[in-house]
Amino acid sequence: MTSLLEVQNLTMRFGGLTAVDGLNFKVEKGHIHGLIGPNGAGKTTTFNMISGFYTPSDGKVLLNGEEISGLPMHHVANRGIVRTFQHSTLFGELSVLDNALVGTHMTFRPNIFAAILGLDGAARRNALDRARSSLEFFGLGGLENELAGDLSHGHQRALGMAVAYASRPDLILLDEPFTGMNPEETRQMMELMRRLCAEGTTILLVEHDMQAIMGLCDNITCMSFGKFLAEGGPSEIRNHPDVIEAYLGGARHVA
Amino acid sequence: MRNFLIWAVVAVALIILPNLVSFSQQEVLVFLTINILVVASYRLLTLTGEWSLGHVVIMGVGAYASALVTKELGLWVPLGILVGGASAAFIAFLLSYPLFRMKGFYFLIGSFAAGEIIRLMWKRFRDPFGGAKGIKGIDPMPDFSIGIYQFDFFEPVSYFYFSAVVVALCLWILWRIEKSPVGLTFHAVHWQDKLAQASGVNLRSYRTLAFVIASGFAGIAGALLAHYIGTINPNSFDVEVMVFVLTWAIVGGTGTFYGPILGCIVLTILNEIVLRELGLEQTRPLIYGLILILSILFMPNGLESIVQKFTRRKEAK
Ligand SMILES: Nc1ncnc2c1ncn2[C@@H]1O[C@H](COP(=O)(O)OP(=O)(O)OP(=O)(O)O)[C@@H](O)[C@H]1O
Ligand SMILES: [Mg+2]
């Protein structure tokens, strides 16, 4: 059986620096898959290649066995992979509801002629329902008229996910969704991700919060300095000598 | 119902207005009406975050196209005006290929260069563009009657009514676009193109769409102008006019639909009443430059911010 997502020998070079070096892993449909590694390991760069923001220097990204590497980001999105960004990236000047409405773009394609003639009423209502239900799902129901830029940090992270979820993707890439959240918010968000997954959305998750990663993931890939390090379930990864070494080594280095 | 009443009052006011002013002021009203369409269409482009310096030249494309198809091919003037809009939109579509390889400042410069190239072509090719002297004797709008009113296009009042109806229709379409999901996508492309693209938006298509629509309406404005003044030349669409358009937009503010229109009306009134009365007409570019600088310094959000202050306060009560 082919996996939902597979990366083969994925490589990204920036001048002399190889940020991601021959990475291989698979994400199975219906899983929550973790991608971890110390700072600068190349996790965000990997996301950027999968989502089409960067074209890999080498290697492939396969979605359901079909190559998607090199496609521009909006094509990848149209194939069902939607991402969030590590630093809250939102339409800060637009309302929370409008942010979510942009997320419905792929499902309810705007049609300019229908819009001028007022023939797109049904599509607009459906888009609105979809946007509201996405906000509701992430606990932002009461905030739809706020400006996205005025939200608290935790709410901004949640809105980023609501925008992604509004397109009902097959695979959602979350880059450090828990940063800036307090423990209570983190716990709630973990619960939402489990629900999301139960509804059939596959999740690929980059996160430094080990408790969250260990509590959520079916499978974890660990990388360090751009290279594959280890893969396995939470308990395997937790006790894997190379992983411990990579993190402790990193910690010692920082200290 | 309340809205309907307001619009009815506006319509009646616009019907009465030209009868209260002098002949030369009636002419100013016609230009003002056309200029409103120019700035309003310009705003649609700025929704995607791109500022062009070629908008007035694109307007000229509409003017030349409509003048030529009516004069050379004998096309009926109202159809010629539509052809003018379509031609401007088409040229914008072609220009979008080189121009949208650039963004921001580079787009601004690129659009200026593209505009100058078009103007050079008008100057260079006497056939069909008439060279530096341009096109003279452009067909006027044919007179017609709608029963209660006889349109006599020798009179500025008639042309004011005609252009006001055309411009109102165009503004209505621009408004519908802006308030639609397409308009929201334009905003999304402007404020955070990365996230818009990750949400599946084809950035290039939407930038092109805004540019093409804005240009189409600018072309209609240009055609309306051509059939009114009857003669156009490359200098009717030079960068000085573009600076006026920018001034209207910036002084009015581009945050709202009405901002640029407000800027256009206020500055035109200022120009006609104050400058003309004081005999300072010649210094118009200088004074516009001064107004532009002052408003950027002291009113960065434009005249619209003042209006918003008042309407907000009313809502709060
Ligand atoms: N556009 C770029 N140009 C040059 N170097 C880059 C670029 N993007 C990332 N890098 C480098 O690639 C390496 C991997 O960066 P990346 O952001 O992928 O790490 P990360 O695993 O996401 O780290 P973090 O946990 O801190 O977010 C780093 O050394 C970074 O400096
Ligand atoms: Mg990162």
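Letters go in sequence order (proteins before strands), and every chain restarts at 1.
Chosen from A:Ala127, A:Ala114, A:Ala115, A:Ala166, the residue pairing most often with chain B at heavy-atom distances under 4.5 Å is A:Ala115. In terms of heavy-atom pairs under 4.5 angstrom with chain A, the leader among B:Asn202, B:Ile177, B:Leu209, B:Ile213 is B:Asn202. Note: A:Asp98 leads A:Asn78, A:Asp98, A:Ile81 in heavy-atom pairs under 4.5 Å with chain B.
Proximity to chain B is limited to the side chain of A:Asp120, based on heavy atoms less than 4.5 angstrom apart. Proximity to chain B (any heavy atom under 4.5 Å) is shown, for A:Phe108, by neither the backbone nor the side chain. Contact annotation for A:Thr89: both backbone and side-chain heavy atoms come within less than 4.5 Å of a heavy atom of chain B. Contact of A:Phe85 with chain B is made through the side chain alone, with heavy-atom distances under 4.5 Å.
The line from CG of B:Leu174 to CD1 of A:Ile116 is 8.5 Å long, rounded to the nearest 0.5 Å. Here A:Met73 contributes atom CE and B:Lys194 contributes atom NZ; the two are 7.5 Å apart, rounded to the nearest 0.5 Å.
The environment of B:Tyr106 atom OH is sparse: at most 12 non-hydrogen atoms of other residues, nucleotides or ligands sit within 6.0 angstrom. Open room surrounds CD on A:Glu66; 12 or fewer heavy atoms of other groups in view lie less than 6.0 Å from it. With a 6.0 Å radius and a threshold of 12 heavy atoms from other residues, nucleotides or ligands, B:Phe90 has its CZ atom at or below the threshold. In the displayed structure, B:Trp172 atom CH2 is contacted under 6.0 Å by more than 12 heavy atoms of other residues, nucleotides or ligands. Atom CZ of B:Phe93 is surrounded by 12 or fewer heavy atoms from other residues, nucleotides or ligands within 6.0 Å. The number of heavy-atom neighbours closer than 6.0 Å to CH2 of B:Trp175, taken from other residues, nucleotides and ligands shown, is 12 or below.
For an aromatic pair to be called close, the ring centres must be under 6.0 Å apart, and A:His105 with B:Tyr206 satisfies this.
Counting heavy atoms from C-beta on, the side chains of A:Leu90 and B:Trp191 never come closer than 4.5 Å. Counting heavy atoms from C-beta outward, A:Pro72 and B:Gln197 have side chains that approach closer than 4.5 Å. By the 4.5 Å heavy-atom criterion applied to side chains, B:Ser199 and A:Val163 are counted as neighbours. Between B:Leu195 and A:Thr84 there is no side-chain heavy-atom pair separated by less than 4.5 Å.
Below 4.5 Å, heavy atoms of chain A meet heavy atoms from B:Lys179, B:Ser180, B:Pro181, B:Val182, B:Leu184, B:Thr185, B:His187, all part of residues 178-187 of chain B.
In terms of heavy atoms, A:His74 sits closest to B:Val201 at CB-O, 3.4 Å. Taking all atoms of both residues into account, the shortest heavy-atom contact from B:Arg176 to A:Leu117 is NH2-C, 3.7 Å.
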